[in-house]
Amino acid sequence: MSSTLNGPADAAAPAAPRRSKRTELLEQRPVNRDGFVDEWPEVGLVAMEHDGDPTPSVRVEDGRIVEMDGRTREQFDFLDTFIADRAIDPAVAEEAMAIPPVEIAHMLVDPKVPRPEVIRIASGLTPAALLEVVKTMNVVEMMMAMQKMRARRTPSNQAHCTSARDNPLQVAADAAEAATRGFDELETTLGVVRYAPLVALGLLVGAQAGRPGILTQCALEEATELSLGMRGLTTYAETISVYGTESVFKDGDDTPWSKAFLASAYASRGIKMRFTSGTGSEVQMGNAEGRSMLYLEIRCILVTRGGGVQGLQNGSISCIGVPGAVPSGIRAVLAENLIAAMADLECASGNDQSFSHSDMRRVSRSLMQMLPGTDFVCSGYSAVPNSDNMFAGSNWDAADFDDWNVIQRDLKIDGGLRHVEEGELLAARERGARALQAVFAQLGFPAITDEEVEAVVYGHGSEDLPRRDVVEDLKAAQRMTEDGITGLDVVRALDAGGFPELAAGLFDLLRQRVAGDLLQTAAIIDREGNTRSAVNDRNDYAGPGTGYRPEGARWEEMKRLRFVTNADNPEA
Amino acid sequence: MSTTPTAGAETTPTPATTPTPSAVPTGASGPAGGVSERTLELVETGPAGPGTRPDEVVVALSPAFGTFFHRTIVDVPLATVLRETLAGIEEQGAAARVVRFFGGSDLARIAHAGAKLSGSGVSIGILSRGTTMIHQRDLPRLSNLELFPQAPLLDAEAFRAIGRNAAGYAQGHSPEPVPVRNDFMARPRYQAKAAVLHLKETEFVEPGRAAVELDVRIS
């Protein structure tokens with residue numbers, strides 16, 4: 001028997017230990033292609049339970065916070081100062097800080113404690129105190145809390161529309177499809193940043209061709225992003241990053257005050273805007289100051305509130321591989337979403353970046369937000385194949401549409417999407433592509449050919465499209481900036497190019513900026529053209545039988561799938 | 001400008017103040033194009049000043065490039081990275097100069113600082129793990145000409161193409177951008193490792209230390 005155990009008897013070469021077939025099989029599973037790392041507390045490579053985090057404390061004198069989380073005002077860094085002066089209500093701080101963290105966690109979970117009361121108490125909590133609250137909670141309790149605490153009653157979803165070749169036509173057609181499938185916000189970004197104005201134009205036109213009222217944004221360097229917004233080529237902004245340590249903030253040439261100034265620039269033009277942050281960014285950039293990822297993220301959340309911004313995209317976002325690689329990291333990601341909601345901010349809750357090779361991990365990570373519902377369950381579901389995703393891949397992509405719809409139907413939870421018949425999709429894609437073709441022709445840009453339009457209507461990704469002349473397109477993109485082409489010019493081009501209805505829809509969208517309704521927390525424009533926000537669609541969850549539940553026409557729509565057997569015609 | 005009392009205090013920096021020959025020379029540098037791995041020697045020749053050649057591309061390296069680190073995140077030897085980048089620049093007939101930055105480990109900072117020293121205003125910034133950017137001094141620091149954010153996808157050929165394009169910009173042309181590769185599973189596999197590598201590189205940052213010019217010897 002010993003020869004079987006030890007392999008062929010070969011005195012010279014020591015035999016490798018015999019492997020179990022089961023271990024070999026497990027090692028081939030997708031989950032083992034993910035990267036995992038051990039905690040490294042000294043540099044902050046810890047999700048949310050870290051001895052290096054401060055102990056909660058607060059002292060208020062003359063209506064001013066003079067001590068916070070063990071530091072006096074003289075010891076404050078600029079985040080502490082900004083948070084103490086702008087984000088915490090000194091009138092509530094001592095009352096709130098006197099409540100044991102576990103009791104606040106009970107208030108979060110208990111449906112009988114109304115959301116406004118939890119918001120009031122949370123407005124007096126310091127970063128370390130907020131951390132202590134969520135540390136007492138498991139993920140089911142956090143989901144319970146999220147169901148009550150999200151700002152908008154109706155959940156929604158947001159998509160990425162990008163192209164590996166920065167092809168504006170592909171972005172237009174995919175935006176039209178994404179809008180038809182139910183996404184309320186669409187964003188794009190670039191491989192080559194100089195393509196930005198042209199791709200932002202493709203997204204704007206394509207989205208409106210899908211359905212009027214879809215908001216669009218283009219993730220770029222912040223000054224360029226602002227310029228596109230001011231010119232009406234985008235209708236919201238999201239990629240305004242804030243960080244949890246002073247040194248990382250400075251690396252971006254920024255302070256909380258400069259970010260608040262940028263926020264006010266958007267507000268001055270009536271443009272919807274949210275900040276972006278997430279666990280892991282500071283440790284990824286090498287300056288976590290020995291704190292846990294979640295403690296630093298809580299500082300970002302409070303900087304957002306202090307800046308007067310209506311909302312935040314968080315949930316680790318582009319750093320998801322970092323919390324995803326350490327123990328309890330995905331729980332920390334849910335905790336940061338919950339704390340954003342406790343800060344009374346719109347929360348676009350992540351699920352927007354490739355996270356795992358394992359389909360099981362992909363889904364379990366997303367159920368944390370999908371089950372309770374958030375303002376945007378994904379802050380970037382890839383409406384294009386991930387091979388075309390220039391945000392470096394999303395946790396969900398165009399190949400997952402049917403899975404998403406089935407999960408919604410199985411659990412009767414609203415993830416914002418619907419199944420759309422192919423004919424309707426093709427019509428939307430063609431409308432988006434033709435509209436952009438007309439706009440290009442009107443503006444004298446390099447022609448979009450009929451062959452390209454046909455390819456994009458029936459194609460899946462950029463590989464299915466004829467190549468465009470990139471150098472000529474880049475000249476057109478540069479001209480857009482030099483000539484100062486605005487959203488209004490796009491309206492005119494659509495009108496003159498034979499798309500008067502699209503022109504009218506886009507004009508209405510630009511007019512929203514004057515009304516300012518989109519500046520309210522968690523605002524979207526619904527399919528009836530109404531602005532829906534935490535003001536007129538306030539989350540009123542108060543336990544079983546209350547709050548948002550899919551019903552009526554929306555539930556009927558959610559029941560439809562690609563293949564469903566029907567008793568009237570069971571052989572179909 | 002208050003300083004955070006704990007910044008970096010818990011880590012024990014082990015700065016390599018003077019770059020030392022990175023690897024043990026193998027087999028008398030081996031036959032030309034041989035299989036043995038190239039070695040990279042980076043010798044400091046003095047402070048890096050502004051360049052005068054109008055067609056110059058500055059290659060700006062991160063603090064631990066070729067000293068603590070010898071390979072990118074996917075094991076491309078840094079000797080190869082630098083050799084191919086320089087070959088790409090030379091192939092276009094432009095001039096190259098290699099400098100090292102100690103003041104930070106942030107790619108935009110390194111690349112933009114390099115661009116400011118460059119006679120043409122064009123630079124290539126490269127981090128030890130392979131992340132690379134072509135920058136131009138008149139652009140905002142957080143913008144760039146071309147960015148290659150996914151280090152796991154950069155191979156020898158990509159670095160040569162990046163060198164060629166940077167040279168093209170330096171000569172006043174508008175080259176077609178190097179095709180950006182995209183692997184949406186790079187993050188799940190490499191992001192946490194990249195964080196660890198970056199934290200390591202950051203331990204070599206020496207705030208306030210000026211950039212130095214490097215003599216590059218690849219054998």
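Residue numbers start from 1 in every chain, and the chains themselves are labelled A, B, ... in the order their sequence lines are given, proteins ahead of strands. These figures come from a predicted structure and were not determined experimentally. Computed over heavy atoms, backbone and side chain alike; hydrogens, waters and symmetry mates excluded.
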* Asked: So with a 6.0 Å cut-off around CZ of Arg33(A), is the heavy-atom count from everything else above 12?
  -> yes

* **Structural part of Glu222(A) lying under 4.5 Å from a heavy atom of chain B** => neither

* What closest approach, in Å, do Met185(B) and Ser356(A) show between heavy atoms, and which atom pair accounts for it? -> CE-O, 3.2 Å

* What's the shortest heavy-atom distance between Leu199(B) and Gly286(A), and which atoms? -> CD2-CA, 3.4 Å

* After noting the C-alpha distance and the side-chain angles of Val193(A) and Leu147(B), does the key distance pass the side-chain contact (heavy atoms from CB on, under 4.5 Å) rule? -> CA-CA 9 Å; Val193(A) 291; Leu147(B) 169 64; over 6 Å; no

* **chain B interface, residue from Ala288(A), Gly44(A), Cys319(A) that has the most non-hydrogen pairs under 4.5 Å** => Cys319(A)

* To do: Flag yes if more than 12 heavy atoms outside Asp51(A) fall under 6.0 Å of its CG atom; otherwise flag no.
  => no

* Where does Asp253(A) contact chain B at under 4.5 Å (heavy atoms): side chain, backbone, both or neither? -> both

* Tell me, side chain or backbone of Phe391(A) under 4.5 Å from chain B's heavy atoms, or both, or neither? -> backbone

* To do: Please list, in residue-number order, every residue in residues 380-387 of chain A that has a heavy atom less than 4.5 Å from any heavy atom of chain B; write 'none' if there are none.
  => Asn386(A), Ser387(A)

* Asked: With only heavy atoms counted, which part of Val322(A) is less than 4.5 Å from chain B, the side chain, the backbone, both or neither?
  -> both

* **Arg187(B) side chain to Ser354(A) backbone, donor-acceptor under 3.5 Å** => yes

* Asked: So, do Lys475(A) and Ser174(B) sit near enough that their side-chain heavy atoms are less than 4.5 Å apart?
  -> no

* **Proximity breakdown for Arg189(B) and chain A, heavy-atom pairs closer than 4.5 Å** => both

* Asked: Going by heavy atoms in the side chains, are Gln284(A) and His198(B) under 4.5 Å from each other?
  -> no

* Counting only heavy atoms not in Glu91(B), do more than 12 sit closer than 6.0 Å to its CD atom? -> yes

* To do: Using a 4.5 Å cut-off on heavy atoms from C-beta on, say whether the side chain of Asp397(A) contacts that of Phe184(B).
  => no

* **Segment of Ile320(A) engaging chain B (4.5 angstrom heavy-atom cut-off)** => both

* Asked: If you count heavy-atom pairs under 4.5 Å between each of Gly393(A), Gly321(A), Ala223(A) and chain B, which one has the most?
  -> Gly321(A)

* Structure fact -> Whatever's closer than 4.5 Å to a heavy atom in chain B on Val37(A) counts as side chain

* Provide the closest heavy-atom pair for Pro177(B) versus Arg194(A) in the form atom of the first, atom of the second, distance. => CG-NH2, 3.9 Å

* Asked: What are the two closest heavy atoms between Val470(A) and Glu176(B), and how far apart are they?
  -> CG2-OE2, 4.0 Å

* More than 12 heavy atoms of other residues, nucleotides or ligands under 6.0 Å from CZ of Arg109(B): is that the case? -> yes

* For the side chain of Gln191(B) and the backbone of Ser318(A), is there at least one donor-acceptor N/O pair under 3.5 Å apart? -> yes

